[in-house]
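Written below as structure tokens is the structure these notes are about.
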Amino acid sequence: MRQPHLFEATVALALIVLITGLYLAIASSPAAVSGWEFRGSGAVQYMIVGENDTLYAFKSDGIYTIDHGGNLLWDYEVPGQWKVINNWQRPAYAADPSGASGAAESYPVADASAGYLYVLALPNMTLDDLKLQYFQSRSPTLYLDAAVLAISPAGRLAWELPLQVGVRADGIVDLTDLKDFSMTQNVALRSDSNRLYIFNDGTETVVDQNGTVLFSIGDVARPASIDESGNIYLMKASAGTAASTRLEAYNASGELIWDRVIQGTVANQYVADDLWPKFNCMPMYQNGTLYLPLNNGIVALDNMSRTLWWMYKPGNDYALFDLMPIDSQGHVYLRALNPGATSSYIYVIDPDGLIRTAPWQYESEYSDLVRTAARDGIVYNVDGTSFGNVPSINSLGTETITAYCVRNGTALWSYTLPIGSRQTVTLNATNVGDIFRGQNGASAYFSGFSSLYTGFLVTGASGDVPLTAVGWPEI
């Protein structure tokens, strides 16, 4: 009769040892893991992510490259005659179908593969230089002497390829600040493991890793798509008729494989900024399938131009979902356009061309309090809490992330970001210039609104007190 008691004692002793070990493991573990941080010099204006989660951080005069562990790989100083961050506007074919006006944005035209970074460099000129070139040319299109810079995995300039980038000349003579000068982005860079593909002024040029031009294809309407074997799929600018579209395919040697005319007009296709480098091509390519969005639907082809399926949607009221046109499994997301409204519907087309689920109602409220992203069939909304009518340090809100499955139309999960600590910032006449540094005439601008603060209440621990404007109020 002693054996059962011995077994129970052994189990109890084992539990005590396990609990003690678990406590020691927890007690010896760090309270939080913050990943990594990197401190450099100068203001970073733009970042892109390359292979293996390599981060490329662009400054006005240089580029940092940081690996996924936060280690500096190299720091490249851009030569003084070049400028890699420029003001761009989307071309007409990529305009927002909702009719929203697109302002110019500053970013680099770049791509990275196999450790190489390829970036478009425009001349670093003054406003007087720009106007002088305009007066000398007197042409509707001004051609700037640019170059593609290839930066090696060691952070050194491997080669540069000269090219001319055409920009519209209208409005140059009236410019008073070079910061207001913007260009339509009719140039694109795309690279794979050993080649660079440059679309510029209707020509697709293929360059090897040594900077040698292999071949060029002219009369191209938009940037081409490249498959895993280096085959090139493109849309010709001259289709023959206004209601048809001509597609061509070339092998890696530049030889024509096939050509086909599709009846229908290619639709203007807007995609989100983070997807723009990937989907700025026509036809679109993914996993062995070519997609051609038309004004009356969408057609899918295999890589030998055979029709896989055709979805007919009349009325010119549909476009690919700008946040997620195609996912990694081959589902296509079609959005019903509803100009002037924030609510629309998303249709999911399966890889075989059939729609098997009901459309999902999508709320596209692009505002300061609602932000949306999407990937592989999931839409992520980040909803901010409203501050209410009277701002107060005690009414600070937080952010809630909600994941929605588009195919099922259901919410998968929701997570509210916790507030760590509140910080109070006092804004007054002595520090407004520092806080709004870089904003021309900040103090003079904000001082004109001092009367707006009179009569408002500040809610705090001591009760509600009026906010009285005396010169520059403290807020």
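What you see is a predicted model; the values in this text were computed from it and never measured.
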Check: [X] side chain, [Y] main-chain N or O, donor-acceptor pair, under 3.5 Å:
X: E248; Y: K236; result: no
X: E105; Y: N87; result: no
X: W82; Y: L120; result: no
X: E204; Y: A224; result: yes
X: T245; Y: G264; result: yes
X: R222; Y: G202; result: no
X: N86; Y: K83; result: yes
X: S414; Y: T402; result: no
X: Q209; Y: S193; result: yes
X: D67; Y: G69; result: yes

Problem set entry | Residues D350, R407: salt bridge by 4.0 Å N-O rule | yes

Problem set entry | Test: R375 and D327 ion pair at under 4.0 Å | no

State, yes or no, whether a side-chain contact exists between [X] and [Y] at a heavy-atom distance under 4.5 Å.
X: V206; Y: Y250; result: no
X: Y76; Y: L117; result: no
X: Y312; Y: N296; result: yes
X: M282; Y: L292; result: yes
X: M183; Y: L122; result: yes
X: I226; Y: N231; result: no
X: W413; Y: I401; result: yes
X: W88; Y: V109; result: yes

For this session: Would you please test L189 and V148 for side-chain contact (heavy atoms from CB on, under 4.5 Å) and show each step?
Result: CA-CA 9 Å; L189 303 181; V148 174; 4.1 Å; yes

What closest approach, in Å, do [X] and [Y] show between heavy atoms, and which atom pair accounts for it?
X: A249; Y: Y233; value: CB-CD2, 3.7 Å
X: W74; Y: I63; value: CZ3-O, 3.8 Å
X: S328; Y: N287; value: O-ND2, 2.7 Å
X: S113; Y: Y118; value: OG-CE1, 4.2 Å
X: G377; Y: M324; value: N-SD, 3.1 Å
X: V379; Y: A374; value: CG2-CB, 4.0 Å

Any chance you could measure [X], atom [atom1], to [Y], atom [atom2], to the nearest 0.5 Å?
X: E228; Y: N303; atom1: CD; atom2: CG; value: 9.0 Å
X: Y270; Y: F279; atom1: OH; atom2: CZ; value: 14.0 Å
X: T184; Y: Q89; atom1: OG1; atom2: CD; value: 5.5 Å
X: D111; Y: L196; atom1: CG; atom2: CG; value: 8.0 Å
X: L247; Y: L234; atom1: CG; atom2: CG; value: 8.0 Å
X: I66; Y: N71; atom1: CD1; atom2: CG; value: 9.5 Å

Exercise. Is there a side-chain contact (heavy atoms from CB on, under 4.5 Å) between W309 and V299 once you walk through the steps?
Worked result: CA-CA 6 Å; W309 53 263; V299 59; over 6 Å; no

Just checking [X]: does its [atom1] atom have more than 12 heavy atoms from other residues, nucleotides or ligands closer to it than 6.0 angstrom?
X: Y116; atom1: OH; answer: yes
X: Q329; atom1: CD; answer: yes
X: R156; atom1: CZ; answer: no
X: R260; atom1: CZ; answer: yes

Exercise. For W276, is the NZ or CZ atom of R90 found under 6.0 angstrom from the centre of its six-membered ring and inside 45 degrees of the ring axis?
Worked result: yes

Exercise. Any cation-pi pair here, K59 with Y46, using under 6.0 Å and within 45°?
Worked result: no

Problem set entry | Stepwise side-chain contact (heavy atoms from CB on, under 4.5 Å) check, F181 with V167 | CA-CA 10 Å; F181 175 62; V167 299; 4.2 Å; yes

Problem set entry | Stepwise side chain to side chain donor-acceptor pair (under 3.5 Å) check, T265 with N295 | CA-CA 6 Å; T265 303; N295 283 342; 4.5 Å; no

For this session: Could you check V406, N408, V332, I355 and say which one makes a side-chain contact (heavy atoms from CB on, under 4.5 Å) with V348?
Result: V406

For this session: Please step through side-chain contact (heavy atoms from CB on, under 4.5 Å) for the pair V207 and I198, ending with a clear verdict.
Result: CA-CA 8 Å; V207 184; I198 305 173; 4.0 Å; yes

